[in-house]
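Only one structure is covered here, and it is reproduced in the block below.
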Amino acid sequence: MAEGNQTIMEKAEARFVDKQKKTAEKNKATAEYMSEARAREIKTARLRELRLAKEEADRIAEALNPTPKKKRVTKKVTEAKT
């Protein structure tokens, strides 16, 4: 019976160790995911700021130096000879 109890304890310990390993892996994966997500948020915010600054600079440049509008070319209609 003592041998039976020992194998039960060994199995329980093995399950416990496996569970600890899985928990550690899960925590590591979660930390990596959160780190990548935060880096992505920072990069997106920086790119958004750059885009908005460029759009504002383009608006100011357009206001200071507007592009001339193209004149519309009208076609003359010639009467068809009959």
Side-chain angles (χ1 to χ4, degrees):
M1 181 101 183
E3 188 176 309
N5 286 339
Q6 191 172 11
T7 57
I8 292 173
M9 288 295 289
E10 288 173 356
K11 288 179 183 179
E13 291 237 356
R15 282 194 301 259
F16 179 72
V17 169
D18 286 342
K19 192 165 194 164
Q20 280 185 321
K21 285 181 183 177
K22 287 180 183 179
T23 301
E25 289 173 5
K26 177 185 167 189
N27 290 341
K28 182 179 176 186
T30 301
E32 288 176 10
Y33 173 78
M34 297 300 284
S35 174
E36 290 172 3
R38 181 68 183 141
R40 186 173 40 252
E41 289 173 3
I42 291 169
K43 184 176 181 180
T44 301
R46 183 180 60 84
L47 290 174
R48 182 174 188 264
E49 287 176 14
L50 290 172
R51 178 181 53 84
L52 292 174
K54 181 186 180 301
E55 289 175 356
E56 185 65 23
D58 290 346
R59 275 190 229 110
I60 291 170
E62 180 66 27
L64 295 175
N65 189 12
T67 56
K69 293 183 180 179
K70 293 182 181 179
K71 292 185 179 180
R72 196 168 179 191
V73 178
T74 58
K75 293 182 181 179
K76 293 184 179 180
V77 179
T78 58
E79 291 184 30
K81 295 183 182 179
T82 55

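Values below: every heavy atom of this structure, side chains too, minus hydrogens, waters and symmetry copies.
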- prompt: Backbone N or O of A31 within a donor-acceptor pair of the S35 side chain at under 3.5 Å?
  reply: no

Holding to salt bridge (charged side-chain N to carboxylate O under 4.0 Å, His left out), I want the full list of residues that pass it with [X], two or more places apart in sequence or in another chain.
{"X": "K19", "value": "none"}
{"X": "R40", "value": "none"}
{"X": "D18", "value": "none"}
{"X": "E62", "value": "none"}

statement: Sorted by chain and number, sequence neighbours left out, side-chain contact (heavy atoms from CB on, under 4.5 Å) with E55 holds for R51, L52, R59

message: Tell me whether R38 is salt-bridged to E41, with the criterion being a basic N under 4.0 Å from an acidic carboxylate O.
response: yes

Within 6.0 angstrom of E56 CD, more than 12 heavy atoms from elsewhere: yes

message: Using side-chain heavy atoms (C-beta onward) and a distance below 4.5 Å, is R46 in contact with I42?
response: no

- prompt: How would you list, by chain and number, every residue that makes a side chain to side chain donor-acceptor pair (under 3.5 Å) with K11, sequence neighbours excluded?
  reply: none

- prompt: Could you state the interatomic distance from CD (E13) to CD (Q20), rounded to the nearest 0.5 Å?
  reply: 9.5 Å

